[in-house]
Amino acid sequence: MTSKKPAARNKTANKTANKTANKTANKTANKAGNKAGNESGRTEAEKRTRESSQTRESSQTPEGRRTRVAQVPAQPAPPGLEVAVSPAVDAADRERLLHGTHHDPHSVLGAHPVPGGVAFRAFRPHAEAVSVVSGDLRAELHDDGDGFFSGLLPLAAVPAYRLLVTYDGTDHETEDAYRFLPTLGELDLHLIGEGRHEQLWRALGAHVTTRQGVTGTRFAVWAPNARGVRVTGGFNFWDGAGSPMRSLGSTGVWELFVPGIGEGELYKFEITRPDGSHTLRADPLARRTEVPPATSSVVHASHHEWGDAEWLAGRGSTPVHAAPFSVYEVHLPSWRPGLTYRTLAEQLPAYVSEMGFTHVELMPVAEHPFGGSWGYQVTGFYAPTARLGTPDDFKYLVDRLHQAGIGVLMDWVPAHFPRDEWALAEFDGRPLYEHQDPLRAAHPDWGTLEFDFGRREVRNFLVANAVYWCEEFHIDGLRVDAVASMLYLDYSREPGGWTPNEHGGRENLDAVAFLQEMNATVYRRCPGVVTIAEESTAWDGVTRPTHHKGPSGFGGLGFGLKWNMGWMHDSLQYMSHDPVHRRYHHGEMTFSMVYAYSENYVLPVSHDEVVHGKRSLVSKMPGDWWQQRANHRAYLAWMWAHPGKQLLFMGQEFAQGAEWSEAHGPDWWLLDPSYGAEADHRGVRDLVRDMNVRYRATPALWQRDTDPSGFQWITGDAADDNVFAFLRLDADGTPLLAVSHLAPVVRHDYRLGVPDDVPAWLEVLNTDAGAYGGGDVTNPDAVKPEPQGAHGRPASIRLTLPPLATVWLRPA
């Protein structure tokens, strides 16, 4: 029924608006109104053609009072009266919104004070009708076509309002995303622009939050080359046309708060490239993803409550290089296939504790599309892989490991990323995360793209990512993959395929600066955390502090530890020789001590050494099955006694004969009591367990790993005997004597020089023990020194050296 009292109705509408509007809305609305008024007509002629009056009719409906707004042709205004303007979106803004190229949709859409009242504009593709609802007021907006709706209400200020949107005859009441203020403050934007936002993940990405009393999700993404960005997902049926984001100044950041959606929602960013084409991209800072091969990002909110406060409080009490550090390297998806983060948390801590390792190192857990990459080609740098569960599930695993007294290291891959068209490659239509120079961008070995370490925003993305894993997931250390490929401009490149740096050298100065910044930031923010470099060259100062310059003129890279690839290569090369030829390769075992203290080293027998035709560790050894196992056991005990920390890949602790495959993981069936050779494999596993127990209880084996005074050769030149003997000394000078005999014969009464201040020596480990599958040639009684000198020492002992074995002795 048509109302006969329009004046009364106007009065009611004004009264409702005045009641619901607040001081902030007035201030914002007046500012926006001035802008909207200016934009409504750029010339007097345009303004006159766009001026319109409003005719209003209302009807009483079961839903309440409705004000219907209709557009009529402009009429001349009486002199002295303020002329209302058309609320409709003008042609230029309309085109930009339709094509996804609008930088500031909030200046057009939403509610804005204009001459004559408040203009309401909505862009709702596929909607049949849109109404504004505010208290008792319900005003249907005019359908302007192409999904645009507008209306001018005679209100004094912008009220608190919602939208009633009709799709297929069904009304949906919702908040208007374009009535909210920006969700990022000036400090966040300043730090992002400077490339110094150390908690970047708190600013960018998707975050469930409450704005102006309304719960929803704020989205923010860095895309400086984009002409426009829209967020799309399940909440808008993957049609981002109605969800354009606003650009925040010159930072390249786009932002939108979408009310009414929360955790678990799938989303991506629809980016309009500089050439006008569109690309759909996963969020670079998504903290959760779909399970591959699906590629959507997922809105995430963490609810995990940590229980590892005791661990965190104590982990930095002793510097890592002066503490026991025995690492079990694990590929989580294949350690025991089929397990999730939650079920791994029930089994992995128990196994690692039983085996005596101090730490686990997890091969990259960041999201990656191809499982065969083992995680080393990352697309989701801020998201644990969804293959095994949620981010909170991964936190639960880390928490349980900490509660079991086990540190957690994680492989981290800042060197490169894959070219997947939905991920980082040419993210906003131009090279962004990768280098602008194609020669610098393309990684020649892996078909991937290298990060542009010289761009401050890219460095920020990576530095913050390192901090993220340590702060949000309580990771105790980052093993940084492929550092050598980052440090050299000519890495795997032919002459002419690279450009020298500004000094004419081959060093990648941008990568050096990035690694220094990353290490300095992690050590400053995360006490007790260690960074470890997988660096395969002799770069000067990998583990030197960043502020100390070396002979090359560079400051140190600032890592805590470095993988000793030279030791691994040389020692495995020696062990692969038949014992009869080993005398000619003796230096391959001793050369490592020439440079053992040039860096803080980890001795790695990693996954890289047991795949791609390299054979498993036991299969590298010469001889029959008995000799292979004996060599395997002797080598591990040599490794555990050698200066440096140690790392062993899963499956090698029980002498798995086959190469590792991510498809099925370690051959656990070898430890099944029903298997005939089970005792052979269990013996090796028991040795590793006992070595770890003895190692942790013997400070001489770890306390002075980086101090040359903690090591003394007894004999390093007994090549004809295939014997190596040395002392390790703890901080108090208490020694441990390690002797490796790598010939397949027994040597009785083998004389070794020893200090004369130790009254007797007791054998504490013998890899030939029968319990480990050996021949049980041991030294069961205390061995007393004799006054006869040997090896330049005043006293000596006589030992029975078992074949292909390593023996440890301590003062009795």
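Worth knowing before you read on, the calculation uses all heavy atoms, side chains too, and leaves out hydrogens, waters and symmetry mates.
Side-chain contact of H304 with D392: a donor-acceptor pair under 3.5 Å is absent, judged by distance alone. Using a 3.5 Å distance cut-off with no hydrogens or angles, the side chains of T385 and E367 do pair a donor with an acceptor. A donor and an acceptor atom, one from each side chain of S297 and K268, are nowhere located under 3.5 Å apart. A donor atom on one side chain and an acceptor atom on the other are found under 3.5 Å apart for E599 and T543. Judged by distance alone, the side chains of D275 and S277 do bring a donor and an acceptor atom under 3.5 Å apart. For the 3.5 Å distance criterion, the side chains of T379 and D420 fail to qualify, holding no donor opposite an acceptor. Defined by atom type and a distance below 3.5 Å, a donor-acceptor pair is missing between the side-chain atoms of H474 and D399. Side-chain polar atoms of E662 and S334 form no donor-acceptor pair below 3.5 angstrom. E609 and Q652 form no side-chain donor-acceptor contact under 3.5 Å, judged by distance and modelled atom types alone. Between the side chains of S571 and Q573, no donor N or O sits under 3.5 Å from an acceptor N or O. No side-chain donor-acceptor contact under 3.5 Å links Y595 and W567. For the 3.5 Å distance criterion, the side chains of D283 and Y267 qualify, holding a donor opposite an acceptor. In this model, no donor atom of one side chain and acceptor atom of the other lie less than 3.5 Å apart for N465 and W201. Between D476 and H359, the side chains place no donor N or O within less than 3.5 Å of an acceptor N or O (distance only, hydrogens not considered).
Panel note: side chain K645, backbone V327; no donor-acceptor pair is recorded below 3.5 Å. Without hydrogens or angle criteria, D707 side chain to R704 main chain gives no donor-acceptor distance under 3.5 Å. Side chain of E255 to main chain of T183: a donor-acceptor pair is present (N/O by atom type, distance under 3.5 Å, no hydrogens or angles). Counting only distance, with no hydrogens or angles, the side chain of R202 and the backbone of H207 share no donor-acceptor pair below 3.5 Å. Using a distance-only test at 3.5 Å, with no hydrogens or angles considered, no donor-acceptor pair links the side chain of S243 to the main chain of G240. At distances below 3.5 Å, not a single donor-acceptor pair connects side-chain atoms of R287 with backbone N or O atoms of G205. Under a 3.5 Å cut-off, the side chain of R281 and the backbone N or O of F269 do not form any donor-acceptor pair.
By the 4.5 Å heavy-atom criterion applied to side chains, E472 and K395 are counted as neighbours. Side-chain contact between L648 and E329 is absent, with no heavy atoms from C-beta onward closer than 4.5 Å. Looking at heavy atoms from C-beta onward, I271 lies in side-chain contact with F427 at the 4.5 angstrom threshold. Counting heavy atoms from C-beta on, the side chains of S247 and D104 never come closer than 4.5 Å. Residues T289 and S296 are not in side-chain contact: their nearest non-hydrogen atoms beyond the backbone lie 4.5 Å or more apart. Looking at heavy atoms from C-beta onward, R273 lies out of side-chain contact with R227 at the 4.5 angstrom threshold. Using a 4.5 Å heavy-atom threshold, the side chains of E534 and M565 count as touching. Residues M650 and Y328 meet the side-chain proximity criterion, which asks for heavy atoms closer than 4.5 Å.
Cation-pi geometry between K562 and Y601 is not met at under 6.0 angstrom from the ring centre and within 45 degrees of the axis. Cation-pi geometry between R479 and W412 is not met at under 6.0 angstrom from the ring centre and within 45 degrees of the axis.
Atom CD of residue E588 and atom CG of residue L572 lie 10.5 Å apart, to the nearest 0.5 angstrom. In this structure, W374 CH2 and D411 CG are separated by 12.0 Å, a value rounded to the nearest 0.5 Å. A distance of 7.5 Å separates CG in N460 from CD1 in I192, rounded to the nearest 0.5 Å. Note that CG of N501 is 11.0 Å distant from CZ of R506, once rounded to the nearest 0.5 Å. Atom CG in L184 sits 11.0 Å away from atom CG in L191 (nearest 0.5 Å). The distance from atom OG1 of T546 to atom CD of E517, rounded to the nearest 0.5 Å, is 10.5 Å.
G644 approaches D705 most closely through the heavy-atom pair N-OD1, 2.9 Å. When all heavy atoms of G100 and T272 are compared, the pair lying nearest together is O-OG1, 2.6 Å. The shortest non-hydrogen separation linking E450 to H443 is OE2-CD2, 3.4 Å. In terms of heavy atoms, M639 sits closest to L647 at CE-O, 3.1 Å. Annotation for M518 and A466: closest pair CG-CB, 3.9 Å, computed over non-hydrogen atoms. Residues I475 and V529 come closest through the heavy atom pair O-CG2, 3.5 Å.
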L617 and V605: side-chain contact (heavy atoms from CB on, under 4.5 Å), yes or no, with the steps? CA-CA 8 Å; L617 183 57; V605 177; 4.2 Å; yes
side-chain contact (heavy atoms from CB on, under 4.5 Å) between F381 and L424, intermediate numbers included: CA-CA 10 Å; F381 281 81; L424 295 182; 3.9 Å; yes
Give the C-alpha distance, both sets of side-chain angles, the deciding distance and a yes or no for side-chain contact (heavy atoms from CB on, under 4.5 Å) between H642 and M593. CA-CA 9 Å; H642 191 285; M593 289 311 303; 3.7 Å; yes
For W660 and F649, run ring-ring contact (aromatic ring centres under 6.0 Å, His included): C-alpha distance rounded to whole Å, both residues' side-chain angles, the deciding distance at 0.1 Å, then the answer. CA-CA 10 Å; W660 169 66; F649 184 60; 5.2 Å; yes
Going through the distances and angles, do D481 and Y376 end up as a side-chain contact (heavy atoms from CB on, under 4.5 Å)? CA-CA 8 Å; D481 183 64; Y376 289 99; 3.7 Å; yes
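With salt bridges taken as basic N to acidic carboxylate O contacts below 4.0 Å, one links R525 and E471. Remark: R524 engages E198 in a salt bridge, criterion side-chain N to carboxylate O under 4.0 Å.
Note: H103 and W254 have tilted aromatic rings, judged against thresholds of 30 and 60 degrees for the angle between ring planes. A perpendicular orientation is assigned to the rings of Y433 and F417, their planes being inclined by more than 60° (bins at 30° and 60°). Ring orientation note: the planes of W446 and H416 are tilted relative to one another, at an angle of 30° to 60°. Classification of the F554-W539 ring pair by plane angle, with boundaries at 30° and 60°, yields tilted. Aromatic ring orientation, F451 versus F461: tilted (interplanar angle from 30° to 60°). The aromatic rings of Y382 and Y468 sit tilted relative to each other, their planes meeting at an angle between 30° and 60°.
Across D452, L449, D510, a single residue satisfies side chain to side chain contact (heavy atoms under 4.5 Å, CB included) together with R440, and that is D510.
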